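This report concerns only the one structure given below.
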Amino acid sequence: MVSTLPVSLEDIRAAARRIAGRVLATPMVQSASLGELAGVPVHLKLEHHQTTGSFKLRGATNAVLSLSRAERAHGVVAASTGNHGRALAYAAKVEGAVATICMSRLVPENKVSEIRRLGADIRIVGVSQDEAQQEVDRLVREEGLVMVPPFDHPDVVAGQGTLGLEIIDTLPEAATVLVPLSGGGIAAGVAAAVKGISPTTKVIGLTMEKGAAMKASLDAGRPVQVEELSSLADSLGGGIGLDNRVTFAMCRDLLDEVILLTEAEIAAGMRHAYAAERQIVEGAGAVGIAALLAGKIKPDGPIVAILSGQNVDMEQHRRVINGKAALCGEERP
């Protein structure tokens with residue numbers, strides 16, 4: 001099944017060879033507290049320890065290295081909710097290319113400022129990922145920049161899939177892998193890698209209740225547009241693109257389940273990560289822990305939860321830890 005999809009296991013293995021030495025092979029640790037709760041071993045893949053603070057560096061690096069010298073000279077551009085922009089700015093800088101990152105006004109300032117620090121040209125456009133993408137399309141059309149999408153591109157998906165290779169290499173007996181789900185880049189890549197090696201391992205996508213574009217699209221059987229809403233898991237926001245060519249089909253065919261989480265559950269995941277695991281993670285990075293704490297995962301063997309990013313505004317993190325965060329219309333947990 002995997003070989004018929006836009007990104008194959010061999011594509012992911014080729015990406016792993018390409019990006020070796022440019023990204024970290026992040027550690028995986030066992031969680032005693034979550035294992036006791038689940039009744040099975042629970043392992044945390046600490047991808048938030050990646051060089052730019054999230055998994056996005058894998059896909060961005062693979063995509064930039066896959067460009068020709070002439071394409072890099074034109075400059076690269078992308079729409080981003082923050083983490084992809086930071087990763088692409090870093091990867092482009094390492095390879096001597098100029099990056100332009102287009103973001104909506106919903107992107108937190110801490111992520112914007114870090115991208116600016118890496119030397120990227122920043123464009124703030126509108127209040128949605130779709131509006132930011134319109135600016136990307138204009139820059140490609142009028143200025144000849146080369147687009148490196150945040151998720152819907154084979155090279156990006158293959159790069160994210162290297163995370164799945166590391167998981168199965170470290171824990172071949174993994175029964176379930178919990179992966180954050182937004183546009184589907186990490187979910188599609190990890191699922192292709194994991195199931196390409198261990199077909200019986202379940203891969204479950206996790207996202208927030210409000211504005212979950214991939215979940216709405218999977219339910220509709222086609223890519224659909226959803227309203228973007230503020231969330232603690234801000235990097236899971238944004239649409240999947242009505243002309244989605246890669247990640248929709250892969251998520252449809254490879255994910256065993258998609259689970260939605262409330263803002264209160266995401267906040268609880270962030271608090272547990274900090275208090276019990278001594279890890280600072282953003283909302284999107286806490287969804288695996290959140291799903292376990294909420295009892296939304298049926299344990300049937302060793303579980304791996306991917307902690308995908310740590311690029312959280314620290315003032316927001318303190319409010320969450322202290323139980324004082326505003327949770328998008330919900331009561332505080």
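The shown structure was predicted, so the numbers you read here are calculated from the model rather than taken from an experiment. All residue numbers refer to positions in the sequence shown, counting from 1.
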Quiz item: Can T26 and Q50 be said to form a side chain to side chain donor-acceptor pair (under 3.5 Å), step by step?
Solution: CA-CA 7 Å; T26 51; Q50 192 54 257; 5.1 Å; no
Distance, nearest 0.5 Å, that separates [atom1] of [X] from [atom2] of [Y]:
| X | Y | atom1 | atom2 | result |
| --- | --- | --- | --- | --- |
| R271 | I289 | CZ | CD1 | 12.5 Å |
| L118 | R86 | CG | CZ | 7.0 Å |
| I321 | M314 | CD1 | CE | 8.0 Å |
| L139 | Q134 | CG | CD | 12.0 Å |
| L106 | L229 | CG | CG | 9.0 Å |
| Q160 | T247 | CD | OG1 | 11.0 Å |

Please confirm whether the backbone N or O of [Y] pairs with a side-chain atom of [X], one donor and one acceptor, at under 3.5 Å?
| X | Y | answer |
| --- | --- | --- |
| T52 | A87 | no |
| D11 | R13 | no |
| D152 | V246 | yes |
| S217 | V224 | yes |
| N322 | R318 | yes |

Quiz prompt | Test log, rule side-chain contact (heavy atoms from CB on, under 4.5 Å), inputs D300 and K202 | solution = CA-CA 10 Å; D300 58 358; K202 293 180 181 178; 3.4 Å; yes
[X] versus [Y]: any side-chain heavy-atom pair under 4.5 Å?
| X | Y | value |
| --- | --- | --- |
| Q133 | M147 | yes |
| L255 | L181 | yes |
| L5 | V7 | no |
| L65 | E95 | yes |
| V258 | M214 | no |
| I306 | F55 | no |
| E143 | V77 | no |
| V304 | T170 | no |

Hphob cluster co-occupancy, [X] + [Y], side-chain heavy atoms under 4.5 angstrom:
| X | Y | answer |
| --- | --- | --- |
| V29 | M270 | yes |
| V107 | V148 | yes |
| V98 | L57 | no |
| I240 | V190 | yes |
| L46 | I19 | no |

Heavy-atom pair with the smallest gap, counting every atom of [X] and [Y]:
| X | Y | result |
| --- | --- | --- |
| P299 | A38 | CG-O, 3.3 Å |
| S80 | G82 | OG-N, 2.7 Å |
| P154 | P6 | CB-O, 4.4 Å |
| L206 | G288 | CD1-CA, 3.4 Å |
| A191 | L254 | CB-CB, 3.7 Å |
| A89 | A120 | CB-CB, 3.9 Å |

Practice problem: Show your reasoning for whether salt bridge (charged side-chain N to carboxylate O under 4.0 Å, His left out) applies to R105 and E228. | Solution: CA-CA 12 Å; R105 289 193 290 273; E228 282 190 49; over 6 Å; no
Per the side chain to side chain contact (heavy atoms under 4.5 Å, CB included) rule, which among [options] passes with [X]?
| X | options | result |
| --- | --- | --- |
| K56 | N83, I186, N311 | N83 |
| I303 | L44, I204, L171, V40 | V40 |
| L232 | H317, Q316, E282, M208 | Q316 |

Quiz item: Can you list the steps and then say if V194 with V179 is a side-chain contact (heavy atoms from CB on, under 4.5 Å)?
Solution: CA-CA 11 Å; V194 168; V179 57; over 6 Å; no
More than 12 heavy atoms of other residues, nucleotides or ligands under 6.0 Å from [atom1] of [X]: yes or no?
| X | atom1 | result |
| --- | --- | --- |
| E315 | CD | yes |
| F248 | CZ | yes |
| R245 | CZ | no |

Judged by modelled atom types alone, do [X] and [Y] share a side-chain donor-acceptor pair under 3.5 Å?
| X | Y | result |
| --- | --- | --- |
| S231 | E263 | yes |
| T81 | Q129 | no |
| H49 | Q310 | no |

State whether [X] and [Y] are salt-bridged, where the test is any N-O pair (Lys NZ or Arg NE/NH1/NH2 against Asp/Glu carboxylate O) under 4.0 Å.
| X | Y | answer |
| --- | --- | --- |
| E114 | K111 | no |
| R123 | E131 | no |
| R58 | E166 | yes |
| D256 | K195 | yes |

Quiz item: Passes side-chain contact (heavy atoms from CB on, under 4.5 Å), L88 versus I115? Steps please.
Solution: CA-CA 9 Å; L88 183 58; I115 295 169; over 6 Å; no
Exercise. Would you check, one step at a time, whether the test side-chain contact (heavy atoms from CB on, under 4.5 Å) holds for D155 with V64?
Key: CA-CA 9 Å; D155 293 333; V64 169; over 6 Å; no
